[in-house]
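Below, chains carry the letters A, B, ... as their sequence lines are ordered, and counting in each starts from 1.
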Amino acid sequence: MPKNWKLIAAGLNLNIPEGDLEKLERALDGLEATFRPLVETIPHETEPAIRFQCDPEQQP
Amino acid sequence: MALDRITRLDPKLKAFITVMEESARAQARQADEELAQGLDRSPLHGIPVAVKDVFSTQGVRTTCGSKVFADFVPKGDAAVVEKLKAAGAILIGKTNMHELAYGITSTNPHFGAVRNPWDLERIPGGSSGGSGSAVAADLVFIAMGSDTGGSIRIPASFCGTVGLKPTFGRVSRYGVMPLDFSLDHMGPLTRSVRDAALTLRVLAGFDPRDDTSSRHPVADYPLGENISIRDLRIGLPENFYFDRVEPATAQAVRRIAETAVTLGARIIPIRVPDISAINTIGRIILLSEASALMERHLAHRENFGTDVLALLDQGRLLPATDYVNAQRLRRLAQQEFQVLWRQVDCLLTPTTPTAAPKIGQTTVDTGDGAEDVRIASTRLVRAINVLGLPALSMPCGFNGAGLPLGLQIIGPAFGESVILRVGAALEDATDHGAQKPGNL
């Protein structure tokens, strides 16, 4: 079921004009359709590729 | 001479946001004196260069092509600018670009539409469009760009120049206005592959001020003559990279592959991982990170161009879970690609599916229906930012309209030497890069 982007924008209080939102819907629906199936394939233990270093020697 | 040429041609090209005439002349005088005294800082000593207007320059405004930063004057230089100055290069100015480096047309609503020297009615690509235009029109020898989803390679392809996106972490991002913390790469647009190698020699290396900077040893990038690619394994993708590509582009890249064979390389047909999926991952990451970065400025929507605002709005509508999952998928994609490098030393692909579109053109048709010009232009390059791999774009021919076409050489992480070697050998064996735009 497609996401209701207008409701999401309103819920997040983003103040995006309705006309602007309508122009985004197709792109967002397309992204959703290609991305959602990929998420289903991620093995549970996979960590994100985001760096965080606690070791002071490895920090910038 | 560079300044004279800029004075004559830049009103047509709109390649520069700021020309630093006074300081450039002072630097040139200093370079002359130093060289006359026998002090030769590097092969870039006395060479006119430009940097995209994302690189901080001490005391010189750095706009990021945006109204938001129109009056921002940095207190210091970006690491890249520091290194270029230390090498004796003469900084001529700051190049025009797509607003906030967030797009591929360089049709900038605040600083004017950058024009392609091969056809002034066409885009130069972007977001480093001013850098591509300036190098193609011989305004400077080298212009620095940034590449988050193809922004060095696309203008290189459309403008008929060389463009090098190094490995993530190879060139410091310190002092560069970010678009996306995990996808931004810095690299040069140049007239030749050897110039790109020369520039990378100056720029590469660890910088403790950049959290993502790598300590990986800097290689000896190829500059000499008689560069051999004998027995090198060059992968020619069987899937994705030649789908929905204009015939002239596909034929030009395949002809270059044949040239590589005559030079002793082995062309290996190979299936690549799902690039379309990696592009999707890249779009989620970029939308999320760029919107997070710019969110505090979005109360003033009038400060943004329509296309950039639309992207920033899209990013705000994505949940945090999508961003985290995209970064998890990124790790998996990286692992998949590592397997590929056991079979080949580099990949040869088109850079863009078409030559430069016209200014204002919103779709392209590669024979399989209309496609958004932004999606089409980034389709063959974006995934490489997600993977952080080095990639070189170089001219490989011309289409029927006389517009340049680009090929992309992709290497394993920190494999700049390999892709530059292949590029230099192919450049020596062809003359596509030697041709210049007329009618300027």
Side-chain angles (χ1 to χ4, degrees), chain A, chain B residues 168-169 172 174 181-183 206-213 215 274 276-287 289 291 295 298-299 301 304 306-307 309-319 321-335 372 374-375 386-388:
Chain A
M1 185 168 163
K3 286 186 175 177
N4 187 327
W5 301 107
K6 284 178 187 160
L7 275 180
I8 293 170
L12 293 170
N13 199 23
L14 294 181
N15 293 319
I16 301 173
E18 191 165 325
D20 288 1
L21 258 176
E22 282 167 6
K23 290 178 196 160
L24 307 180
E25 284 178 340
R26 196 169 152 208
L28 285 165
D29 287 341
L31 200 56
E32 181 72 17
T34 51
F35 184 64
R36 204 54 54 205
L38 296 175
V39 173
E40 299 299 318
T41 68
I42 308 174
H44 188 69
E45 68 281 8
T46 305
E47 295 203 6
I50 302 171
R51 288 163 51 112
F52 171 72
Q53 303 289 353
C54 209
D55 180 350
E57 288 189 5
Q58 293 190 24
Q59 289 174 30
Chain B
F168 191 68
S172 174
Y174 174 76
F181 304 107
S182 70
L183 295 171
F206 175 68
D207 182 352
R209 300 168 297 180
D210 176 357
D211 187 22
T212 61
S213 185
R215 292 180 187 272
D274 187 348
S276 181
I278 303 174
N279 282 339
T280 298
I281 295 163
R283 287 178 63 202
I284 296 278
I285 293 171
L286 175 55
L287 287 168
E289 292 195 22
S291 295
E295 188 167 43
L298 285 170
R301 298 174 67 82
F304 297 89
T306 312
D307 61 328
L309 190 59
L311 292 170
L312 292 171
D313 282 340
Q314 284 178 52
R316 297 161 84 202
L317 288 159
L318 300 178
T321 47
D322 279 4
Y323 174 71
V324 174
N325 280 328
Q327 291 285 13
R328 295 171 78 208
L329 286 160
R330 182 185 202 177
R331 190 174 292 283
L332 296 173
Q334 189 182 29
Q335 289 164 0
D372 184 293
R374 297 168 299 179
I375 299 289
V386 177
L387 299 163

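- Heavy atoms closer than 4.5 Å to chain A are found nowhere in B/Ala299, neither backbone nor side chain.
- Partner A/Pro48 forms a side chain to side chain contact (heavy atoms under 4.5 Å, CB included) with one of B/Arg328, B/Arg330, B/Arg331 and no other, that one being B/Arg328.
- A 4.5 Å side-chain heavy-atom check between B/Arg301 and A/Asp20 finds at least one atom pair inside the cut-off.
- Residue pairs meeting the side-chain hydrogen bond (donor to acceptor under 3.5 Å, both in side chains) criterion with at least one partner in residues 40-49 of chain A, sequence neighbours excluded, do not occur; the list is empty.
- Heavy-atom distances place both the backbone and the side chain of A/Pro43 under 4.5 Å from chain B.
- Chain B forms the most heavy-atom pairs under 4.5 Å with one residue out of A/Pro37, A/Gly11, A/Ala27, A/Pro17, and that residue is A/Pro17.
- Contact tally against chain B (heavy-atom pairs below 4.5 Å) for A/Ile42, A/Val39, A/Leu28, A/Leu21: the top residue is A/Ile42.
- A heavy-atom distance below 4.5 Å is not found between the side chains of B/Leu298 and A/Asn15.
- By the 4.5 Å heavy-atom criterion applied to side chains, B/Arg316 and A/Ile8 are not counted as neighbours.
- Proximity to chain B (any heavy atom under 4.5 Å) is restricted, for A/Leu12, to the side chain, taken from C-beta onward.
- For the atom pair NZ (A/Lys6) and CG (B/Leu317), the distance works out to 12.0 Å, reported to the nearest 0.5 Å.
- Ranking B/Thr280, B/Thr306, B/Asp274, B/Ile285 against chain A, the residue ahead of the rest is B/Thr280, based on heavy-atom pairs under 4.5 Å.
- Taken to the nearest 0.5 Å, the NZ atom of A/Lys23 stands 11.5 Å off from the CG atom of B/Asp307.
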Apply side-chain contact (heavy atoms from CB on, under 4.5 Å) to B/Asp313 and A/Leu14, showing your working. CA-CA 9 Å; B/Asp313 282 340; A/Leu14 294 181; over 6 Å; no

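- Under the 4.5 Å side-chain criterion, counting only non-hydrogen atoms from C-beta, A/Ile50 is in contact with B/Tyr323.
- Heavy-atom pairs under 4.5 Å with chain A peak, among B/Asn325, B/Asp322, B/Val324, B/Leu332, at B/Asp322.
- In this structure, chain A has no heavy atom under 4.5 Å from any part of B/Ile375.
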